Enquirer: 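I have a structure I would like to understand better, so I am pasting it below and will then ask my questions one at a time.
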Amino acid sequence: MPHHPPSSMWLRAQALATLALLVLALPAHAQANDSTVSATVSNVHYDVRADRASLAMRRLHVTTTFDVADGAPVVLSLPAWTPGAYEISNFARWVSAFAASQDGAALRWDKLDYDTWRVRPTSAGRVTVQFDYEADSLDNAMSWTKPDFALFNGTNLFLYPEGRSLDFPATMSVTTEPSFRIATSMSAAGEPRHFRAATYHELVDMPVVLGTFDLDSTTISGRTVRLATYPAGSVSGERRATVWQQLQRVIPAEVLVFGEAPWDSYTLIQIADSTYPGASGLEHAASHVDVVSPVAIGSDFQPSLYAHEIFHAWNVKRLRPAEMVPYRYDRPQPTPWLWVSEGVTDYYADLAEVRGGLVEAAGFYALTSGKIAEIENTVPFALEDASLNTWIHPRDGTEYSYYPKGSLAGLLLDITIRDASDNRNSLDTVLRELYQSTYKQGRGFTSADFWGAVSRAANGRSFDDFQRRYVDGREPYPWTDALRTIGLRIQRDSTPRIGVSTAPDANGAIRVMELSPESAAAKAGVRVGDVMLRVGDVQVADPDFGAKFRLQYAGRPAGSTLPLTVKRGTETLTLRSALTYGPTAPTIVEDRAATPRAVRLRNGILRGTTGG
Ligand SMILES: [Zn+2]
């Protein structure tokens, strides 16, 4: 579903951790982690071997080496999840052939829980721990190999000492074929194919790809941006030029919101594979990884995906809810704020497209209309609840709905702030203030931080009621008033609906392929397989059927008699149906009667400006 951002972001090809597993896992896990502290380790180095032989077996060989001060037990764990992909995966399940040694002699080891190993050094000195990792998961939070390629995430491979600070520096090397390329945003360390990270958090936030792929770079907003695409040739020629043009437009528009490009360099990694349904991105502080179906390349969704994932470099990787600061890798970190981290990010992806000139205003309205339609077709839910629920992949129809609804909440906040401040401030003001006052101070944002910044931007207005109704509550959003404030309105398509989809058969007969439940046709008794002959007096086979039907019936009251004539087998039947309107999709259009002030606020949103 490449044109369906909310759910496509996290489409998963493989089975996911179940709720039962999560609930059962927590107590035992918490116990091991809370009661266990590893001996101190230092000079930590990780090596990932991915040569043709290991890739042929879809394996990465991971070697961790570190110094210990004595023979005290070292307790090492692998993460259970990758930040950004809010689900428990337990990467330890892909580990095999675990071994530990010191000075060439094997060390005793055992497991303390399913992702924690206890290694017993014999004395002070350097310890080596090794394992194989089965890298066969095509998922941007995981690790995947082909004979000429590998993607790995540090969360999958890199052990950390239990109960110790994760702010330890580490080095990492990749051992692979001389002809293979490597792309990552990790800082290079002295030797070729060696990298360094200031902390474990930084280390596991820098995915790596190696192998044969296309790689080039350019400068955008004063910093290097790299584009790594696999397989080689999947994004070439005109398509590659289009990607670069899209990045040249969305990145500066996003930089303007926060006033700085926060990375030294940025790496966009994209993997296309025909086994992958849809398109999905996973954000990092200085990179992101997209896994896409080849059909998503060059689609309208492509710039939207890039703009979304890149905006995350500020919103969630840096400006982050306090519940997720610092990340902890051994258990879920639920937060009621994913509607800001994901939904507001999605709002800014749309804004980056229109502000960067990739779409016209009408394109922005269409993206917004689509989100309104999506929420109209979802059961009422609260943004905070949907944010918290994501960890259990709820089956109530609201999974990932905090993307479109959070995006709409962003628009509603932006309108309200611009209205209350007479366009002196905007949602941009709020994000910029929070970025400075929380991220730059080394902390996450709280409810008081967020609503305080919103209120200050909106001339001191209280948002208690807004929060209660539209964020913690399930009330529909007041689009009529809100859109009027910025000179827009919702137009509803008033074409009568019959409720069938048809296709011509081999003889050219218009045959019913699908019936919408509760539609006029379904209620009249039309069946899949019937040949549609006439709707009222209008011949269905007429090339101008649509226009003639609308001319005759649009505007008649709902419930008016509408005979449907079908051929079923050899019989011709005339079924009585009632004229039915809807469901009607909302379309946002500019209001011709908009005041100059409304137009000024609207242009502020579309252009990223405030004031006059
Ligand atoms: Zn996202």
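Since the structure is predicted, the reported quantities are computational estimates derived from the model, not experimental observations. Heads up: numbering here begins at 1 and tracks the sequence. Every number for a ligand or one of its atoms is a count from 1 in the order of the listing.
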Enquirer: Report the atom name of the nearest N/O/S atom of H312 relative to the Zn ion (ligand 1).
Expert: NE2
Enquirer: Flag E342 as yes if one of its N/O/S atoms falls below 2.8 Å of the Zn ion (ligand 1), otherwise no.
Expert: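 Yes - counting backbone and side chain alike, E342 has an N, O or S atom under 2.8 Å.
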Enquirer: Apply side-chain contact (heavy atoms from CB on, under 4.5 Å) to D449 and list each qualifying residue two or more places apart in sequence or on a separate chain.
Expert: L434, T438, R443, F445, T446
Enquirer: Would Y327 and D205 count as having a side-chain donor-acceptor pair, cut-off 3.5 Å?
Expert: no
Enquirer: Relative to the Zn ion (ligand 1), which of the N, O or S atoms in H308 is the closest?
Expert: NE2
Enquirer: Aromatic rings Y470 and F466: how do their planes relate, parallel, tilted or perpendicular, breaks at 30° and 60°?
Expert: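 Y470 vs F466 ring planes: perpendicular.
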Enquirer: Taking only residues two or more places apart in sequence, or in another chain, which ones meet S293 in a side-chain contact (heavy atoms from CB on, under 4.5 Å)?
Expert: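 S293 satisfies side-chain contact (heavy atoms from CB on, under 4.5 Å) with V295 only.
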